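Given the structure is predicted, the values throughout are model-derived calculations rather than measurements. Convention: sequence-line order gives letters A, B, ...; per-chain numbering from 1.
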2 protein chains.
Amino acid sequence: MDKFMQYALEEAHKSFQEGGIPIGAVLVRNGVVLGRGHNRRVQENSPIFHAEIVCIHNAGRIKTYENTIMYSTMMPCYFCGGAIIQFGIPMVVSGETFHGSGSRDLLRSFGVTIEEYDFKECISLMNSFIAKFPEIWQEDCGVR
Amino acid sequence: MDKFMQYALEEAHKSFQEGGIPIGAVLVRNGVVLGRGHNRRVQENSPIFHAEIVCIHNAGRIKTYENTIMYSTMMPCYFCGGAIIQFGIPMVVSGETFHGSGSRDLLRSFGVTIEEYDFKECISLMNSFIAKFPEIWQEDCGVR
């Protein structure tokens with residue numbers, strides 16, 4: 001696991017400690033972190049704050065996403081995949097697909113480069129959350 | 001134009017008056033408005049607040065999107081289309097496709113019912129904004 005995925009995992013742990021869904025994301029360009037964030041559905045009581053979306057928010061209005069990489073502790077769902085396609089983020093590094101392949105095939109069909117892993121740290125953190133709060137997981141990324 | 005598209009257009013006008021991108025959206029179920037909103041990229045200085053996303057935020061954690069309809073003054077982009085797919089919103093009514101067909105074909109491929117119009121009120125409001133602020137439009141929905 002490289003340092004950017006470690007940062008994403010740190011974000012996921014932060015969310016878990018806050019009682020939220022433990023998914024983290026980091027946006028990187030040329031080795032520089034542009035933004036990081038974690039899922040805040042529970043914390044903000046809103047469905048829109050997926051990890052990758054919060055990460056894009058925290059990166060701000062950067063004008064272009066050329067040469068950026070979105071690291072996420074799990075494969076982005078269709079919502080986050082749609083954002084990656086719309087904003088033109090050319091690459092995704094995913095920490096696990098054990099809990100679903102998300103929008104992987106769609107991202108590929110739009111030419112997004114995918115690097116995927118099944119890091120046991122990412123899988124076991126999600127497992128801990130799902131065991132505790134199955135309904136919240138179902139409410140969020142469990143739809144598809 | 002039915003009353004829900006009129007509400008969406010009211011939201012778009014609100015945004016225009018605030019100096020923001022004039023796109024509005026309304027989420028409806030069985031004739032009841034669950035949420036409404038407008039693009040807030042400029043107002044919040046963040047790329048994530050597209051009209052449909054703000055509308056989903058304002059509707060809150062409604063658990064299921066069964067039988068909902070997303071009205072938008074323009075065809076949803078891939079970001080908003082991804083949200084519609086992920087959350088399982090079964091129908092979209094679009095006010096115009098003159099400024100781009102957005103994620104229409106993708107939405108259709110996921111079984112979303114699309115009803116599309118080219119209302120001159122929606123087109124001319126966008127035209128007014130693009131003429132004034134072409135870079136902001138390009139920064140937001142103009143990528144794809």
Quiz item: Does a side-chain heavy-atom distance below 4.5 Å link B/Leu106 with A/Leu106?
Solution: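 Yes. Closest side-chain heavy atoms under 4.5 Å.
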Exercise. Check whether any side-chain heavy atom of A/Tyr78 sits under 4.5 Å from a side-chain heavy atom of B/Ile84, and report yes or no.
Key: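 In short, these two side chains do not touch, never coming nearer than 4.5 Å.
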How long is the gap from [atom1] on [X] to [atom2] on [Y], to the nearest 0.5 Å?
X	Y	atom1	atom2	value
B/Glu44	A/Arg61	CD	CZ	11.5 Å
A/Gln86	B/Cys80	CD	SG	7.5 Å
A/Ile53	B/Ile48	CD1	CD1	7.0 Å

Self-check item: Contact origin within B/Ile62 toward chain A - heavy atom pairs under 4.5 Å
Solution: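 Looking at B/Ile62, nothing touches chain A.
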Indicate, with yes or no, if [Y] and [X] share a hydrophobic cluster defined by side-chain heavy-atom contacts under 4.5 Å among Ile, Leu, Val, Met, Phe, Trp and Tyr.
X	Y	answer
B/Phe119	B/Ile130	yes
A/Phe98	A/Phe133	no
B/Met126	B/Ile123	no
B/Val42	B/Leu125	yes
B/Leu9	B/Val33	yes

Self-check item: Max heavy-atom pair count under 4.5 Å with chain A, selected residue of B/His57, B/His50, B/Glu135
Solution: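 Ranked by contacts with chain A, first place is B/His57.
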Quiz item: If you look at every heavy atom in B/Pro47 and A/Phe87, which pair is closest and at what distance?
Solution: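 Here B/Pro47 and A/Phe87 meet closest at O-CZ, 3.5 Å.
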